[in-house]
Amino acid sequence: MRAAFVIVGGGIYGMATAWSLAMRGAEVLVLEARDVAAGASGGLGKRGVRANGRDVRELPLMRLAYDLWPTLHETLGAATGYERVGHLQLYERHHDVGGAAVRARVQTALGIPTTHLEGAAVRDVEPGLTDKVLGALHAPLDGVADHVATTRAYAAAAVRAGAVVRTGAEVTGVVRAGGRVAALTLADGATVEVERDVLFLANGGLVDLMARAFSCALPCWNIYPQVVLSTPAEVAPFRSYVGHLHRPVALKMVPGNRVMLSGGWRGRLNAATGRGETIPASVTGNWADAVAVFPAIAALDIAEATADRAEANSLDLVPVIDRVPGASNAIVAVGWTGHGWAIAPALAPLLADWALDGEAPALLRPFALSRFPAF
Ligand SMILES: Cc1cc2nc3c(=O)[nH]c(=O)nc-3n(C[C@H](O)[C@H](O)[C@H](O)COP(=O)(O)OP(=O)(O)OC[C@H]3O[C@@H](n4cnc5c(N)ncnc54)[C@H](O)[C@@H]3O)c2cc1C
């Protein structure tokens, strides 16, 4: 096997970048260890498309993504489940008032319309909130999307545009020659020649692979974000996508009138299965946070809880996007830290530009590996 551009990983980043490259006439091969959306781009519920509260370095990307999400289903010719429900970032502590006011100004100036709501104004948006909430940042252009449908939509569009996707193709090593990656080796012993560039977009699979193949220790490690799904509610306890400044909750209403709870509590690696698993006390702990925010959730039960999807976390909580040290034709994008989904439609075309044109796009420069002195 050979290809001009080879992408390792078949999640949202692999598929959206493959689509962008193929749409520009490039020859692309995607190597995916298991199946499309087998990693963090798959699993239960929906993913948040959120600018509110995001690191300021990522906001210009999110601004671009705002323009793409509403019509992405038309662009790709398949449903994405995108809904612009707005996001509330709540706070219950008096000392958070000043920061919220500043953040509202900064976000709005960067093209993310944000209102600082205080007191009763928050309950005008979500009447079911606890009266302990003192205020919130409201970003009405935020929303949610169906991550599995969107990733598959990108994959189908990439294939229509000429990309080749190989599933069950786990990359286990690289063959280097003259300061570049000449080929990749697969678990089944096959070799894939890389004629131009290789993009490592394999998220939770990358920390080990990069260390093994390049002696390149990324400033990242794997986490296993927890997702809890409720039994169906007779009346939805809320409508917006809801986060919190100091309680680790992200609350979404998902199909079937269920509450999806994620946002910070994590599972752990089960060494025997190689997958993440939940920690019972973390599931009940997270649920207690959700009930503290929306008391009506107490009437629902936990229907499902999982932590089976690995996500690479970075030390400063924003991604690492750079050329791989010592390999002039290799780009790595990793370390999404639980919030890589929303910006993917804006960021993946920039990865394709970088591979095709050779220049790091200005919007990606804040994410260079060199920001970590030891790496
Ligand atoms: C539970 C959970 C909730 C989240 N919620 C949000 C949210 O609300 N908003 C948001 O913006 N983000 C959210 N995120 C983060 C977001 O989903 C991820 O950042 C994003 O999906 C990462 O996409 P990816 O393509 O880089 O990785 P993945 O989707 O993980 O894809 C990587 C792929 O690489 C494959 N792979 C691994 N190793 C190899 C190898 N050696 N060879 C070949 N293939 C390999 C894997 O099988 C996998 O399919 C959440 C993540 C999780 C887990």
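Indexing begins at 1, ligand by ligand and atom by atom, following the structure's order. Computation of the quantities below employed the complete heavy-atom set of this structure, encompassing side-chain atoms and omitting hydrogens, waters and symmetry-equivalent molecules.
Distance check: W336 CH2 to L201 CG gives 7.5 Å after rounding to the nearest 0.5 Å. Atom CG of residue L31 and atom OG1 of residue T167 lie 10.5 Å apart, to the nearest 0.5 angstrom. Between L363 atom CG and L59 atom CG the span is 11.5 Å, to the nearest 0.5 Å.
Looking only at protein heavy atoms, the nearest one to atom 26 (O) of ligand 1 is W336 NE1, 3.0 Å. Nearest protein neighbour of atom 7 (C) of ligand 1, counting heavy atoms only, is G48 N, 3.4 Å. In terms of protein heavy-atom proximity, atom 42 (N) of ligand 1 is closest to V171 N, 2.9 Å. Distance from atom 13 (C) of ligand 1 to its nearest protein heavy atom, with residue and atom name: G338 O, 3.0 Å. Looking at atom 45 (C) of ligand 1, its nearest protein heavy atom turns out to be A33 CB, 3.6 Å. Looking from atom 28 (P) of ligand 1 to the surrounding protein, the closest heavy atom is A40 N, 3.6 Å. Remark: minimum distance from atom 53 (C) of ligand 1 to any protein heavy atom is reached at P225 CG, 3.6 Å. The protein heavy atom nearest to atom 19 (O) of ligand 1 is E311 OE2, 2.9 Å.
By the criterion of a heavy-atom distance under 4.0 Å, neither the backbone nor the side chain of A333 is placed next to ligand 1. Contacts with ligand 1 closer than 4.0 Å are made by side-chain heavy atoms of V227 only, the backbone lying farther away. At a heavy-atom cutoff of 4.0 Å, ligand 1 is contacted by the side chain of V8 but not by its backbone. At a heavy-atom distance under 4.0 Å, only side-chain atoms of K252, from C-beta outward, approach ligand 1. Using a 4.0 Å cut-off between heavy atoms, L31 contacts ligand 1 through its backbone alone, with no side-chain atom that close.
Every N/O-N/O distance between L209 and ligand 1 stays at or above 3.5 Å. Remark: ligand 1 and L201 share no N or O pair separated by less than 3.5 Å (distance only, no angle test). Polar contact check, G205 against ligand 1: no nitrogen or oxygen pair lies under 3.5 Å apart. Polar contact check, G340 against ligand 1: a nitrogen or oxygen pair lies under 3.5 Å apart.
Compare R47, H147, R54, R309 by their heavy atoms: the one nearest to atom 51 (C) of ligand 1 is in R47. Among M260, E32, E58, the residue whose heavy atom lies nearest to atom 47 (O) of ligand 1 is E32. Compare A310, A202, S41 by their heavy atoms: the one nearest to atom 21 (O) of ligand 1 is in S41. Of the candidates W341, Y241, Y224, the one placing a heavy atom closest to atom 10 (C) of ligand 1 is W341.
Aromatic ring pairs are classed by plane angle as parallel below 30°, tilted from 30° to 60° and perpendicular above 60°; the pair F200 and F214 is perpendicular. Classification of the F238-F294 ring pair by plane angle, with boundaries at 30° and 60°, yields parallel.
A cation-pi arrangement is absent between R47 and Y241 under the rule of less than 6.0 angstrom and at most 45 degrees off the ring axis.
The minimum heavy-atom distance between S240 and L88, with the atom names listed, is OG-CD1, 4.4 Å. Closest heavy-atom contact between L199 and A355: CD1-CB, 4.2 Å. Minimum interatomic distance between A163 and A22 (heavy atoms only, all atoms of both residues): N-CB, 4.1 Å.
Listed by atom number, the atoms of ligand 1 under 4.0 Å from E170 heavy atoms are 41 (N), 42 (N). Near A342, with a cut-off below 4.0 Å to any heavy atom, the atoms of ligand 1 are 10 (C), 11 (O).
Heavy-atom distances between G43 and ligand 1 stay at or above 4.0 Å for every pair.
Looking only at side-chain heavy atoms (C-beta outward), V175 and E193 stay at 4.5 Å or farther from each other.
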D131/R123 under salt bridge (charged side-chain N to carboxylate O under 4.0 Å, His left out): CA gap, chis, key distance, verdict: CA-CA 8 Å; D131 57 12; R123 273 167 289 277; over 6 Å; no
Derivation of the salt bridge (charged side-chain N to carboxylate O under 4.0 Å, His left out) call for R2 and E27: CA-CA 10 Å; R2 48 151 296 286; E27 183 196 33; 2.8 Å; yes
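One hydrophobic cluster holds both L21 and L72 under the rule that ILVMFWY side chains link at heavy-atom gaps under 4.5 Å.
Within a 6.0 Å radius of CZ in R212, other residues, nucleotides and ligands contribute more than 12 heavy atoms.
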